[in-house]
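Single-structure report; data block below.
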2 protein chains.
Amino acid sequence: MRKDVHTDGTPRLCASCDARHKGICGALDQEQLIALAKTSHKQHAESGTELLGDAERIDTYAVVLSGVVKLAKTLSDGRQQIVSLQFAPDFLGRPFKSESELSAEAATDVSLCTFPKAALERLMQASPELERRLYRQALDELDQAREWIVTLGRKTAGEKIASFLLMIARNIDPSADPDRDSANFELPLTRADIADFLGLTIETVSRQLTRLRADKVISIENNRNVVVPSLARLEARAGN
Amino acid sequence: MRKDVHTDGTPRLCASCDARHKGICGALDQEQLIALAKTSHKQHAESGTELLGDAERIDTYAVVLSGVVKLAKTLSDGRQQIVSLQFAPDFLGRPFKSESELSAEAATDVSLCTFPKAALERLMQASPELERRLYRQALDELDQAREWIVTLGRKTAGEKIASFLLMIARNIDPSADPDRDSANFELPLTRADIADFLGLTIETVSRQLTRLRADKVISIENNRNVVVPSLARLEARAGN
DNA sequence: CCTCCGCGTTGACCCAGATCAAAGTTCAGG
DNA sequence: CCTGAACTTTGATCTGGGTCAACGCGGAGG
């Protein structure tokens with residue numbers, strides 16, 4: 001198998017990934033892709049690995065190829081809040097800033113395709129199309145962040161949990177048939193992570209999940225595998 | 001006084017504003033500016049006016065010339081959350097989407113410079129520099145939104161109020177000397193708005209303000225004019 | 001096989017902030 | 001100057017979710 005092109009003949013962004021890189025591959029011509037591929041690098045990280053520390057210099061961007069990355073902020077006394085979850089094939093990085101205010105950690109086992117900041121920024125100059133795609137992703141993330149602000153500011157614990165499960169279902173249910181009303185997925189986060197994402201405590205998360213289970217809105221096996229027989233019924237709990 | 005140029009000779013974006021339009025004027029050449037100025041339109045709205053309803057079509061963008069605009073979402077049962085405050089000279093609009101998920105309302109008396117969506121999008125195609133500036137603003141807003149997520153998810157009522165006052169001070173204190181440790185500004189929001197911004201109730205907002213006053217961290221005249229003798233002391237209350 | 005350890009659940013109790021109720025303030029309009 | 005309406009403050013009480021504590025469970029390592 002050739003290393004420099006995908007099976008369909010388009011150039012690979014990094015030698016070892018077959019997945020396309022949203023917002024990047026599609027925006028570049030053959031020559032640009034090959035140049036970027038030379039500097040890119042595939043990386044695996046197991047769950048819990050810190051990918052980028054708070055206040056660390058950013059010299060690398062990445063695309064999430066599989067798994068879930070959590071972006072978090074920690075207050076000086078240790079309180080933590082997850083501000084975003086990045087799913088494949090999200091772009092990971094903060095253009096126009098060299099220092100991160102966020103820490104990034106692998107929530108599950110993760111594979112990434114990384115490339116140096118400078119290489120991508122050079123390409124952004126050259127390709128307005130690339131910049132436009134990244135701009136769109138930033139706007140999407142802004143929409144999501146605002147959606148989450150409403151959840152954090154005005155929803156009850158039960159509504160937060162329901163909203164969270166819906167969000168996960170939409171992002172990682174493998175059987176992504178939009179018509180189907182049921183869903184079935186593996187939770188990418190521990191109870192502690194869910195709590196940090198929703199501004200709750202582990203105990204409250206656990207109790208609310210128990211309640212949803214008691215009300216037959218979901219069922220959970222092995223603490224991780226969630227089955228939602230009716231997304232509509234779950235949505236009714238999300239309080240929108 | 002000529003209507004087509006600023007006092008320094010650069011073209012006006014709209015005939016009646018002398019203020020520059022962040023992210024727009026600077027990115028365009030003379031010819032583009034003149035073209036845009038033809039379609040632009042200055043608009044005043046008094047406090048409380050709804051500028052854009054939830055789920056309304058967006059066919060106009062705007063730049064905030066003065067005053068404060070609040071962007072909010074409302075849940076079906078009436079709970080409301082303000083997701084962002086836009087200060088002059090922020091850009092107001094959501095590129096690449098024709099429908100708003102947010103409502104925009106004038107929090108204070110506001111003046112705007114509006115222009116048709118199509119005109120700006122044409123310019124964005126023509127000027128990568130313009131697009132880049134808007135991209136930067138979107139990234140800045142994303143950073144702010146994430147900052148706010150931490151505030152909403154993990155801070156106490158007292159910390160939320162202190163964070164809010166600091167944010168306002170940074171955005172609208174007219175005597176914006178970064179070295180000075182004191183500040184002095186007029187609150188652009190009612191107690192009800194502050195509550196909707198911080199995910200609290202009016203009563204809690206009022207009590208926390210009273211407490212800050214009792215502790216001599218701030219003083220308030222006429223319910224609106226805030227004096228902060230020491231921003232450092234206020235910052236110590238913000239819990240970062 | 002057992003034991004340990006990291007997760008998750010459950011129960012009892014508490015408190016920050018919500019809710020309910022009632023006064024004060026401020027200010028536009030008459 | 002007076003009046004009313006909108007906004008703000010303050011007090012009393014309640015409650016959702018936090019805190020503290022105990023226990024359950026499953027998988028890795030001996």
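Projected onto DNA chain C by closest heavy-atom contact, Val205(A) and Gly199(B) fall at different nucleotides, the more 5' of which corresponds to Val205(A). Taking for each of Arg207(B) and Thr190(B) the nucleotide of DNA chain D with the nearest heavy atom, the 5'-most of the two is the partner of Thr190(B). Taking the nucleotide of DNA chain D with the nearest heavy atom to each of Glu203(A) and Thr204(B), the more 5' of the two is matched to Thr204(B).
In this structure, CD in Gln144(B) is found 9.0 Å from CD in Glu147(B), a value given to the nearest 0.5 Å.
Judged purely by atom type and a 3.5 angstrom limit, Arg191(B) uses its side chain to pair as donor or acceptor with the backbone of Asn223(B). Counting only distance, with no hydrogens or angles, the side chain of Lys70(A) and the backbone of Ile82(A) share no donor-acceptor pair below 3.5 Å. Side-chain atoms of Gln81(A) never come within 3.5 Å of backbone atoms of Thr74(A) as a donor-acceptor pair (strictly under, hydrogens ignored).
In terms of heavy atoms, Gly67(A) sits closest to Val64(A) at O-CG1, 3.7 Å.
At dT8(D), none of the side-chain N or O atoms of Asn222(B) fall inside 4.0 Å of OP1 or OP2 (strictly under the cut-off). For the OP1/OP2 pair of dT9(D) and a distance below 4.0 Å, the side-chain nitrogens and oxygens of Arg191(B) include at least one atom meeting the criterion.
Across the protein-nucleic acid pair, Arg79(B) atom CZ and dG16(D) atom P stand 13 Å apart, rounded to whole Å. Rounded to whole Å, atom P of dC25(D) lies 16 Å from atom CD1 of Ile220(A). Rounded to an integer number of Å, the gap from Asp193(B) CG to dC7(D) P is 9 Å. In this structure, CG of Asn225(A) is placed 14 Å from P of dG26(D), rounded to the nearest angstrom. Rounded to an integer number of Å, the gap from Arg224(B) CZ to dA6(D) P is 16 Å. If you take CG of Leu187(B) and C1' of dT9(D), they are 15 Å apart, rounded to a whole angstrom. Here dT10(D) presents its P atom at 10 Å from CG of Asn223(B), a figure rounded to the nearest Å. Rounding to whole angstrom units, CG of residue Leu200(B) and C1' of dG16(D) are separated by 15 Å.
The footprint of chain B on DNA chain C, defined by a heavy-atom cutoff below 4.0 Å, extends from dG17(C) to dC20(C).
Among the atoms of the strands shown, none is found under 4.0 Å from any heavy atom of Leu209(A). Using a 4.0 Å heavy-atom distance criterion, Thr201(A) is classed as a base contact. When heavy atoms are screened at a 4.0 angstrom cut-off, Ser206(B) is found touching base atoms of the nucleic acid.
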Check against side chain to side chain contact (heavy atoms under 4.5 Å, CB included), Leu212(A) and Leu165(A): CA-CA 11 Å; Leu212(A) 284 178; Leu165(A) 291 173; 3.8 Å; yes
Stepwise, does the salt bridge (Lys or Arg N to Asp or Glu O under 4.0 Å) test hold for Asp77(B) with Arg79(B)? CA-CA 6 Å; Asp77(B) 64 358; Arg79(B) 281 174 289 178; 3.0 Å; yes
Represent DNA chain D in dot-bracket notation, 5' to 3'. Only Watson-Crick or G-U wobble pairs with both distances under 3.5 Å count; pseudoknot-style crossings use [ ] and interstrand partners use |. ||||||||||||||||||||||||||||||
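Between the side chain of Arg211(B) and the base of dT10(D), no donor-acceptor pair under 3.5 Å is found.
Ring orientation note: the planes of Phe91(B) and Tyr61(B) are tilted relative to one another, at an angle of 30° to 60°.
Within 6.0 Å of CZ in Arg233(B) there are more than 12 heavy atoms belonging to other residues, nucleotides or ligands. The number of heavy-atom neighbours closer than 6.0 Å to CZ of Arg213(B), taken from other residues, nucleotides and ligands shown, is above 12.
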